**Q** 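Mind looking over this structure? Questions follow.
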Amino acid sequence: MLVIAGNSSQHAKDFLLEIEKLEVPPVKYMVITHGHWDHFLGMNEFDATVIVNSLTNGIIEKWKGYSFDDQSLQKYVSTNQMSDMCMKTIQNEIPNRENFKLRSPDLIFENMLTIDLGNKICKLERINSTHTDDSTIVSIPDEKVVFLGDCAYGTTTNSLFHYKQSLLLPMINDISKYNAEKFILGHESICDLNEMNLYWEELTAASKAVKSISLEDALESFKSQNNRDPNDNEIFFIKAFVNDQILKS
């Protein structure tokens, strides 16, 4: 079972070549963690059962109606349906894109799904997330490993980067219940438990300091609550939570 299909046909083909070198069994399942293009546009290249939650399926259904010629791509960018980076990746890494149509997922679940690979049990769950509403994580209980996709990241709305403050603690609780020791995020190296706990601690401390749209008040609140100045990570997180307050206001 693979987690995340890659951001293009070429990306997926490169990955399949690397898999061949490992002399492992053929890919049978492909899990898409959420409906962002860089995680699913390569899925046509895999001869596997594609698994998504129902919300992700809705997003992919929308993309199935897209055309990928230059004129259509430019229209999607100009109407904020697609990023410029996405357009350039499609133009450079999907051959015959004028005839390209995204395939449909094969297995759709609502909240939880268990897959028995024979020698491994994998648990899939759609969880609360500060990144998207459709985030799926994959747990391998006997390995104490969790594939997080992008769920622990923030997101950008109306050009403001923010973390969804109301979902931070529910997300941490959803992930922590798996008692994992290794965490694989979509755009990072593998994190151990200490690294992940530090990330949660800094995010939580920053969130507790933010009660309004005032960055100055949040910084003062942080100093008062923690008897120290915030570090660079915490300043970044505080600004993101202030942006979340701005968006909610």
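Because the structure is a prediction, the values reported are computed rather than measured. All residue numbers in this chain count up from 1 along the given sequence.
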**Q** So, the side chain of Ser207 versus the backbone of Leu203: is there a donor-acceptor pair under 3.5 Å, distance only?
**A** no
**Q** List the steps and the verdict of side-chain contact (heavy atoms from CB on, under 4.5 Å) for Trp37 and Met82.
**A** CA-CA 9 Å; Trp37 66 274; Met82 181 183 292; over 6 Å; no
**Q** In this structure, which one of Asn128, Thr132, Asp133 forms a side chain to side chain contact (heavy atoms under 4.5 Å, CB included) with Lys164?
**A** Asp133
**Q** Can you tell which of Lys208, Lys223, Arg228 makes a salt bridge (Lys or Arg N to Asp or Glu O under 4.0 Å) with Glu234?
**A** Arg228
**Q** Apply side-chain contact (heavy atoms from CB on, under 4.5 Å) to residues Leu215 and Ile238 and explain how you reach the verdict.
**A** CA-CA 8 Å; Leu215 176 59; Ile238 287 169; 3.7 Å; yes
**Q** Parallel, tilted or perpendicular: which one describes the rings of Tyr66 and Tyr76, with boundaries at 30° and 60°?
**A** parallel
**Q** Strictly by modelled atom types, are Lys28 and Thr49 linked by a side-chain donor-acceptor pair under 3.5 Å?
**A** no
**Q** Checking Ser139 side chain against Val146 main chain: does a donor-acceptor pair fall under 3.5 Å?
**A** no
**Q** Decide yes or no for Phe147 and Thr136: does some side-chain heavy atom of the first lie under 4.5 Å from some side-chain heavy atom of the second?
**A** no
**Q** Just by distance, do the side chain of Thr33 and the backbone of Gly149 share a donor-acceptor pair under 3.5 Å?
**A** no
**Q** Can a salt bridge be assigned to the pair Glu45 and Arg103 using a cut-off of 4.0 Å between side-chain N and carboxylate O?
**A** no
**Q** How far apart are the C-alpha atoms of Tyr199 and Glu188, what are their side-chain angles, what is the distance that settles it, and do they pass the side-chain hydrogen bond (donor to acceptor under 3.5 Å, both in side chains) test?
**A** CA-CA 13 Å; Tyr199 182 66; Glu188 314 293 330; over 6 Å; no
**Q** Before you tell me yes or no, could you show the steps for Ser214 and Glu216 under side-chain hydrogen bond (donor to acceptor under 3.5 Å, both in side chains), namely the whole-Å CA-CA distance, both residues' side-chain angles and the distance that decides it to 0.1 Å?
**A** CA-CA 5 Å; Ser214 171; Glu216 182 178 346; 5.5 Å; no
**Q** Any idea how His187 and His39 line up, ring-wise: parallel (<30°), tilted (30 to 60°), or perpendicular (>60°)?
**A** perpendicular
**Q** Would the distance check show the side chain of Asp192 and the main-chain N or O of Asn194 forming a donor-acceptor pair, the cut-off being under 3.5 Å?
**A** yes
**Q** Answer yes or no: is there a side-chain heavy-atom contact under 4.5 Å between Ile184 and Leu148?
**A** no
**Q** Look at the side chain of His131 and the backbone N and O of Gly154, then say whether any donor-acceptor pair between them is shorter than 3.5 Å.
**A** yes
**Q** After noting the C-alpha distance and the side-chain angles of Phe46 and Phe15, does the key distance pass the side-chain contact (heavy atoms from CB on, under 4.5 Å) rule?
**A** CA-CA 10 Å; Phe46 295 93; Phe15 191 44; 4.2 Å; yes
**Q** Mind checking whether Ile51 and Met30 have side chains closer than 4.5 Å, heavy atoms only?
**A** no
**Q** Between the side chains of Ser212 and Gln245, is a donor N or O closer than 3.5 angstrom to an acceptor N or O?
**A** no
**Q** Take atom CD of Glu110 as the centre, draw a 6.0 Å sphere, and report whether it contains more than 12 heavy atoms from other residues, nucleotides or ligands.
**A** no
**Q** Is there a donor-acceptor pair closer than 3.5 Å between any side-chain N or O of Gln165 and the backbone N or O of Val210?
**A** yes
**Q** Is any side-chain heavy atom of Leu185 closer than 4.5 Å to one of Tyr153?
**A** yes
**Q** Would you say the rings of Phe236 and Phe161 are close, in the sense that their centroids are separated by under 6.0 Å?
**A** yes
**Q** Decide side-chain contact (heavy atoms from CB on, under 4.5 Å) for Leu41 and Leu102; before the verdict, give the C-alpha distance in whole Å, the side-chain angles of both, and the deciding distance to 0.1 Å.
**A** CA-CA 7 Å; Leu41 275 181; Leu102 203 59; 4.1 Å; yes
**Q** Charged N to carboxylate O under 4.0 angstrom, Glu143 versus Lys182?
**A** no
**Q** When you check the gap from the basic side-chain N to the acidic O, do Glu125 and Lys177 get nearer than 4.0 Å?
**A** yes
**Q** Give a yes or no on whether a salt bridge exists between Lys239 and Asp244, defined as a side-chain N under 4.0 angstrom from a carboxylate O.
**A** no
**Q** Would one find more than 12 heavy atoms of other residues, nucleotides or ligands at under 6.0 Å from atom CG of Asp47?
**A** no
**Q** Can Asp14 and Gln10 be said to form a side-chain hydrogen bond (donor to acceptor under 3.5 Å, both in side chains), step by step?
**A** CA-CA 6 Å; Asp14 291 344; Gln10 188 58 54; 2.9 Å; yes
**Q** Between the side chains of Lys211 and Asp217, is the shortest nitrogen-to-carboxylate-oxygen separation below 4.0 Å, so that they form an ion pair?
**A** no
**Q** Scan side-chain atoms only and decide if Asn57 and Ser54 contain a donor-acceptor pair under the 3.5 Å cut-off.
**A** no
**Q** Could you check Thr56 against Asn53 for side-chain hydrogen bond (donor to acceptor under 3.5 Å, both in side chains), going step by step and ending with a plain yes or no?
**A** CA-CA 5 Å; Thr56 303; Asn53 69 53; 3.3 Å; yes
**Q** Is there a donor-acceptor pair closer than 3.5 Å between any side-chain N or O of Thr89 and the backbone N or O of Met85?
**A** yes
**Q** Counting neighbours of CG on Asp116 that are heavy atoms of other residues, nucleotides or ligands and sit closer than 6.0 Å, is the number greater than 12?
**A** yes
**Q** Strictly distance-based, threshold 3.5 Å: is any side-chain N or O of Thr156 a donor or acceptor partner for the main-chain N or O of Ser159?
**A** no
**Q** Please answer: with hydrophobic residues joined when any side-chain heavy atoms are less than 4.5 Å apart, are Met171 and Phe183 in the same cluster?
**A** yes
**Q** Indicate yes or no for a side-chain donor-acceptor contact from Ser78 to the backbone of Lys75 under 3.5 Å, with no hydrogens or angles considered.
**A** yes
**Q** Using a 6.0 Å cut-off, check whether atom CG of Leu55 has over 12 heavy atoms from anything other than its own residue.
**A** yes
**Q** Side-chain donor-acceptor contacts of residues 17-27 below 3.5 Å, not counting sequence neighbours, with atom names and distances?
**A**
from  : atom 1 : to    : atom 2 : distance (Å)
Glu18 : OE2    : Lys21 : NZ     : 3.2

**Q** Atom NE2 of His34 and atom SG of Cys151: how far apart are they, to the nearest 0.5 Å?
**A** 9.0 Å
**Q** Can you tell me how the ring of Phe241 sits relative to the ring of Tyr163, calling it parallel under 30°, perpendicular over 60° and tilted otherwise?
**A** tilted
**Q** State, without any angle test, whether His36 and Asp150 hold a side-chain donor-acceptor pair at a distance under 3.5 Å.
**A** no
**Q** With no hydrogens and no angle check, is any side-chain donor or acceptor of Thr204 less than 3.5 Å from a backbone partner on Glu201?
**A** no
**Q** Can you find a side-chain donor-acceptor pair between Ser224 and Glu220 that sits under 3.5 Å?
**A** no
